[in-house]
Amino acid sequence: MKETWKKHGSTIADATPFLPGSFDRQPCNPVEKINSGYKAWEWLLYLYGMGPAALFIVLPDPYWTNLCHLVSGMCLMQQYHITRTDLIKAHEHLLTFAHDFETIYYQRHIDCLHFVRPWIHSTTHIPSETIAKGPPICSSQWMRERTIGNLAQEIHLHNSSVYANLSRQAAHRCQINAIKAIIPTIEPEQNSLLKGSQDLGNGYVLLRRREQYAHPVCLCEAGAILHYLSTCGIDVTAAPSVTRWACLRLPNGQVARSAWKENAMSWQPRIARNVKLSIDGEMSIAEVLFYFNMTIHDESKTFALVSQFSPPHAELLRRSFQTVVACHYGGDTSLKLVKVSAIQSVVAMVPHPFPGIDNMLFYLIEWPGLDIIQMGGVEDIVADED
């Protein structure tokens, strides 16, 4: 058991290079840190992002299934936009989790009741409270903790009349926030474009590095570009030359890098080239090779050349209640040209050997709070009414 725990800790620590920098603090090795300063954000990524995949087979099936019920329900509730179908699914998963937890871990014996913490029962009320108060993430502890930290810093700047100053600062912030809420246009937009960047509109911005001159692409990349051009009614036989861009800033603030950029770095970066795509309502995961501009029918358009991952492993997806989205890496055999507007967010794809499954799979981790991948259609949205 001790060796299993150590191996699991190494698995979590080894995943660090595959977590984008936009994911903030990565989970440390739980064997070394879990009882000494393991941060709330580390717990969030470890439990909800990595837990179901990393603990597959490690936990006996009833315990692993119980964990997947919890993760499935809580990930649905962590979104900013929650459909009514999501609420129903989350409620079912969280009810099942709470019931099975009591059955598995203490068999509902009164003398073992102290093993069941109040939060386990509280999770069953989250979906119903969402209908009245909006998505929980909009009233989570993160904003409060940041505000408390900022106010604490201001307290240290004033040795006299500390609490009077704190009250004044709090009232001042409330007044400013109220004015901004009433008149959103009162604060002028700031031009945050970096030197050499290209604004594509709708929140998408190409960021340097950028090639100075156009260069020919390799044979497999040329094939993907020529195939796309043929679908647009353009017949080209010669291999195209393109001017590659390294990075793309997304409307959500994340920066999606590319393999061309990251493979040229002299140090090992935290990989940020894997993205979630939305094409004709279908969600998929891909690795970005590079970005470039191309003129089609006298109109300049910006594309990303990507290598798509395979569809998720069906059995893992079913058994985990869609918490383990594990795919095979496509490489040069699955290259595709997509418009940059199809890129929704930067995600992590972590390699992991799943026992009993041939070849290495990469499992998906999304930034907590972003709308997660759904296999169904769009439903009515429960909006935050605050």
Exercise. Give a yes or no on this: more than 12 heavy atoms of other residues, nucleotides or ligands lie within 6.0 Å of atom CG of L113.
Key: yes
* Look at atom CZ of R108 and say whether more than 12 heavy atoms of other residues, nucleotides or ligands are closer to it than 6.0 Å. => yes
How are the rings of W43 and Y46 set to each other: parallel, tilted or perpendicular (split at 30° and 60°)?
tilted
* Taking side chain as C-beta onward, heavy atoms only, is V275 less than 4.5 Å from Q254? -> no
With F56 as partner, the option from L67, V324, L316 fulfilling side chain to side chain contact (heavy atoms under 4.5 Å, CB included) is L316
Counting heavy atoms not belonging to D235, are there more than 12 under 6.0 Å from its CG?
no
Report yes or no: is the cationic atom of R209 (NZ for Lys, CZ for Arg) under 6.0 Å from the centre of the six-membered ring of W260, at an angle within 45° of the ring normal?
yes
For the residue pair N29 and K33, establish whether any side-chain heavy-atom pair is separated by less than 4.5 Å. no
### Task
Inspect the contact between E92 and K89 and indicate whether a charged nitrogen and a carboxylate oxygen are less than 4.0 angstrom apart.
no
Please confirm whether the backbone N or O of A342 pairs with a side-chain atom of Q344, one donor and one acceptor, at under 3.5 Å? yes
| query | Can the ring centroids of W245 and F290 be said to lie less than 6.0 angstrom from one another? | reply | no
* Is there a side-chain contact between P135 and Y80 (heavy atoms, below 4.5 Å)? -> no
Item checked: Crowding at NE2, H227 (>12 non-hydrogen neighbours, <6.0 Å) -> no
### Message
With heavy-atom distances below 4.5 Å as the criterion, would you say the side chains of L226 and P240 are in contact?
### Response
yes
Compute the ring centroids of F303 and Y228, then answer whether they are less than 6.0 Å apart. yes
Worksheet item: Should we count CG of N35 as having more than 12 external heavy atoms under 6.0 Å?
Response: no
(message) Do L207 and V255 have side chains that approach each other closer than 4.5 Å (heavy atoms only, starting at C-beta)?
(response) yes
Quiz item: cation-pi between R244 and F292, 6.0 Å / 45°: no
Are more than 12 heavy atoms from other residues, nucleotides or ligands located less than 6.0 Å from atom CD of Q268?
yes
- Query: Does H215 NE2 have over 12 foreign heavy atoms under 6.0 Å away?
  - Reply: yes
Would the number of heavy atoms belonging to other residues, nucleotides or ligands and lying under 6.0 Å from CZ of R173 be above 12? yes
When rounded to the nearest 0.5 Å, the distance separating CD1 of I126 from CG of L76 is 11.5 Å
Check your understanding: With a 4.5 Å limit on heavy-atom distance, are the side chains of S345 and W367 in contact?
Key -> no
Residues at least two apart in sequence or cross-chain that pass side chain to side chain contact (heavy atoms under 4.5 Å, CB included) with F18, listed by chain then number, are I271, V350, P351
So do F97 and T123 actually touch side chain to side chain, heavy atoms under 4.5 Å? yes
Sorted by chain and number, sequence neighbours left out, side-chain hydrogen bond (donor to acceptor under 3.5 Å, both in side chains) with Q308 holds for S284
Output for pair (M294 CE, E299 CD), nearest 0.5 Å, gives 11.5 Å
Output for pair (K301 NZ, L337 CG), nearest 0.5 Å, gives 11.0 Å
Check your understanding: Without hydrogens or angle criteria, can the side chains of T243 and E211 be said to hold a donor-acceptor pair below 3.5 Å?
Key -> no
Next item on the list: Indicate, with yes or no, if the rings of F309 and Y329 have centres closer together than 6.0 Å.
Entry: yes
Item to complete: Answer yes or no: is there a donor N or O on one side and an acceptor on the other, between the side chain of D86 and the main chain of I82, under 3.5 Å?
Response: no
Counting only N and O atoms by type, is there a donor-acceptor contact under 3.5 Å from the side chain of H69 to the main-chain atoms of D100?
no
task: Would you please indicate if the ring centroids of F362 and H352 are separated by under 6.0 Å?
output: no
Residues pairing under side-chain hydrogen bond (donor to acceptor under 3.5 Å, both in side chains) where one sits in residues 194-206, two or more places apart or in two chains, turn out to be Q198-N293
Value for CD1 (I234) from OG (S230), rounded to nearest 0.5 Å, stands at 9.5 Å
For a 4.5 angstrom cut-off between non-hydrogen side-chain atoms, does S320 reach W64? yes
